[in-house]
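Comments concern the structure below.
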Protein chains: 2
Amino acid sequence: MTIHDVARSAGVSRQTVSRALNDKAEIDGSTKQRVLDAARELGYRPSRFARGLVRPETTTIGLVVPDLLNPFFTEVASGALEAARARGRHVVVYDTAGDAEQELATLRVIGTQVDAVVGYFGRSDEDLDRFTPGIPVVLIGREPRVPRFSGIAIDGEDGVREAVAHLVGRGHRRIGMLDHDGRPEPSVRQQWFRRAVAEHGIALAPGWIARAPQSVDGGGAALATLLAAHPDVTAVFAFNDVIAIGALREARRFGLRVPADLAVIGFDGLALGTLVEPELSSVALDTRALGALAVEQASRLVTGAAPLEPGELIVRAALHLRESA
Amino acid sequence: MTIHDVARSAGVSRQTVSRALNDKAEIDGSTKQRVLDAARELGYRPSRFARGLVRPETTTIGLVVPDLLNPFFTEVASGALEAARARGRHVVVYDTAGDAEQELATLRVIGTQVDAVVGYFGRSDEDLDRFTPGIPVVLIGREPRVPRFSGIAIDGEDGVREAVAHLVGRGHRRIGMLDHDGRPEPSVRQQWFRRAVAEHGIALAPGWIARAPQSVDGGGAALATLLAAHPDVTAVFAFNDVIAIGALREARRFGLRVPADLAVIGFDGLALGTLVEPELSSVALDTRALGALAVEQASRLVTGAAPLEPGELIVRAALHLRESA
DNA sequence: GTGAAAGCGCTAACAC
DNA sequence: GTGTTAGCGCTTTCAC
């Protein structure tokens, strides 16, 4: 079923069909109607590829996230979608389920399907390099090690420092952290946290850092671990809000009042944090800007426009105090 | 920058370049390396369109949602993505921001960019028909009026009846509803609710149904309205969980204990409902199945495979009791 | 107003 | 093992 079939059915040439379908000016009204009728009759549908070949206009950006149900990634995706829409770009969303094999399979396909890739990856830069032949890659929240790649940086150091200062100002000295357990080494956020507490002369003995999978349940379990090691903890800083919300729930189960018995501060500043009770204090990020910047940069790299400078590719965090601390 | 440039640069034919790039067998190792080097050097990137034109098409499905940040649509999208991945399909996500003009703009573009469209639309079937030339359309939670369209039906009548029976069993007689205010006419869920309360001989005077925008804040405002009209209300059923969660928050502000002073039941059964305090009781839907079924049906319609029967295109709801009622 | 010809960039056949 | 030929389906010249 091609334009040719429609042409034959309507008794005109292929070009005339094209004119009718694309609302071009130079065509007789009745001819146009006849062509349109024939096209509908036959259920004709132009090929996206043949069109794209001739009019390569729409650039498509692939957005890779480990879990769209995690509200952090939802917010990032939302920002990416909006930025893409504003620039007339398309976004194909891939959810890798946090699985290395899924991610590989995704990358293998993605290279032939989109013009650029942005998002969160578990694979090494070398792997990414190998499977994304030549197209721009924008990593979010991770430093690119391959010159071809670009990255959106998250600078939360000041925000974490604010958070710790706030806790210390309220008299807290026994502060724990619920870190993310995704990688063997400590997260960058843990390093910020360590430096911040050190500035207040607080020593962090082992056991003050519990590690959690990136989920609400994981956050709850991590708090339980921390409480087992240090029942006298009075405040916790969490790797992110999802983990912090798990801690909130677990604290309730332990009969701890928040913030009276236990102060909790998260990271990310998700909208979700305003729905829980008590509302979550958080080192807040403009999550939608993360997605939007990534799309903007990818978009520029694809079209060959001047890319954003490193200084413009940073999203900073700031403490948003609500009720939990 | 085409395959031709690479061929010239490497001193081979275009076909040999193609062989090297696509890992074909019949090619000399050193030639292959030379081609690969040349390609990398030149920053060559094959055209998706030219490839698509020649190779078996990957079908792409467009998923349209009014607001990806609304966790209901996130869950639907997640189900759609997973189903698509399982079948080797691509999903392009479009967020229309609940705006009629945005939706129209989206539809105008989408017709030329994807092979099928699924999702939630505000426009009439006639508009959709006009702007989606010939491609399959699958409406979620809405009855299609155009023969070309397909739909995923939500049957929550039994679930709502269960919910009302539960409330009545607990002694509630003054039950209000927080309906969605998206359309002028009452929602289908309101009709289910009306029938259910009528079965228990409860008359619904005006003012027992408050209408709310589909947001947490909207749910809060609607509860305030309802309380103003009927301060003696003891239970509310909400159009969906997002609205119900707003009601939960508003109840807290009014100093009402849930469920002691006010019982609350939502609709959808979102994961979010387990994060709030008290946990939300809800007429639960398999939201991810909604997205998955839509993709499955779209996929079949595109390839011409036998479509799912109407009986298979229904998602039923059932009461999930947690803490709020 | 309409049609014929010329590609867009790529790969599957078939030569050599 | 490598090159040549022939399209994939569409739109854009440029004739008529």
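These figures come from a predicted structure and were not determined experimentally.
In this model, the phosphate group of dT2(D) is not approached by any side-chain N or O of Ser13(B) to a distance below 4.0 Å at OP1 or OP2. Regarding contacts with the backbone of dG9(C), every side-chain N or O of Thr2(B) stays at 4.0 angstrom or more from both OP1 and OP2. Residue Thr16(B) has no polar side-chain atom (N or O) positioned under 4.0 Å from OP1 or OP2 of dT2(D). An OP1 or OP2 oxygen of dT2(D) is reached within less than 4.0 angstrom by a side-chain nitrogen or oxygen of Thr31(B). An OP1 or OP2 oxygen of dT11(C) is reached within less than 4.0 angstrom by a side-chain nitrogen or oxygen of Arg51(B).
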Show the numbers, then the answer: is there a salt bridge (charged side-chain N to carboxylate O under 4.0 Å, His left out) between Asp115(B) and Arg89(B)? CA-CA 10 Å; Asp115(B) 304 303; Arg89(B) 252 90 234 207; over 6 Å; no

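In this entry the distance linking NE2 of His4(A) with C1' of dG7(D) reads 14 Å, nearest Å. Rounded to whole angstrom, the span from the CG atom of Asn22(B) across to the P atom of dC10(C) amounts to 10 Å. Taking atom CG of residue Leu53(A) and atom C1' of nucleotide dC8(C), one finds them 4 Å apart after rounding to whole Å. Per the geometry, CD1 belonging to Ile3(B) stands 13 Å off C1' belonging to dG3(D), to the nearest Å. Arg8(A) has its CZ atom 13 Å from the P atom of dG9(D), to the nearest Å. One atom, CE of Met1(A), and another, C1' of dG9(D), lie 13 Å apart when rounded to the nearest Å. Atom-to-atom, CZ of Arg14(B) to P of dA12(C) comes out at 14 Å; the value is rounded to the nearest Å. Distance CZ (Phe49(A)) to C1' (dC8(C)): 15 Å, rounded to an integer number of Å.
With hydrogens and angles left out, the side-chain atoms of Arg19(A) and Thr31(A) include no donor and acceptor closer than 3.5 Å. A donor-acceptor pair shorter than 3.5 Å cannot be found between the side chains of Ser13(B) and Gln15(B).
For the helix from dG1(C)-dC16(D) to dC16(C)-dG1(D), the axis fitted to the five pairs at one end and the axis fitted to the five pairs at the other end meet at an angle of 40° (nearest 10 degrees).
With respect to Arg130(A) and Glu126(A), no salt bridge is recorded, no charged nitrogen being found less than 4.0 Å from a carboxylate O.
Counting non-hydrogen atoms of other residues, nucleotides and ligands closer than 6.0 Å to CD of Glu185(A) gives a total above 12. Shown here is Glu312(A), whose CD atom has more than 12 heavy atoms of other residues, nucleotides or ligands within 6.0 Å.
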Scan nucleotides 12-14 of chain D against the protein and return all N/O pairs shorter than 3.5 Å with their distances rounded to 0.1 Å.
| from | atom 1 | to | atom 2 | distance (Å) |
| --- | --- | --- | --- | --- |
| dT12(D) | OP1 | Arg55(A) | NE | 3.1 |

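Position along DNA chain C of the nearest nucleotide to Ser47(B) versus Ile27(A) favours Ile27(A) as the more 5'-ward residue.
Taking every heavy atom of both residues into account, Thr96(A) and Gln102(A) meet most closely at O-CB, 3.2 Å.
Residues satisfying the salt bridge (charged side-chain N to carboxylate O under 4.0 Å, His left out) test with Arg14(B), not counting sequence neighbours, are none.
For the side-chain contact (heavy atoms from CB on, under 4.5 Å) with Phe121(B), the qualifying choice from Asp127(B), Leu139(B), Thr106(B) is Leu139(B), the only one to do so.
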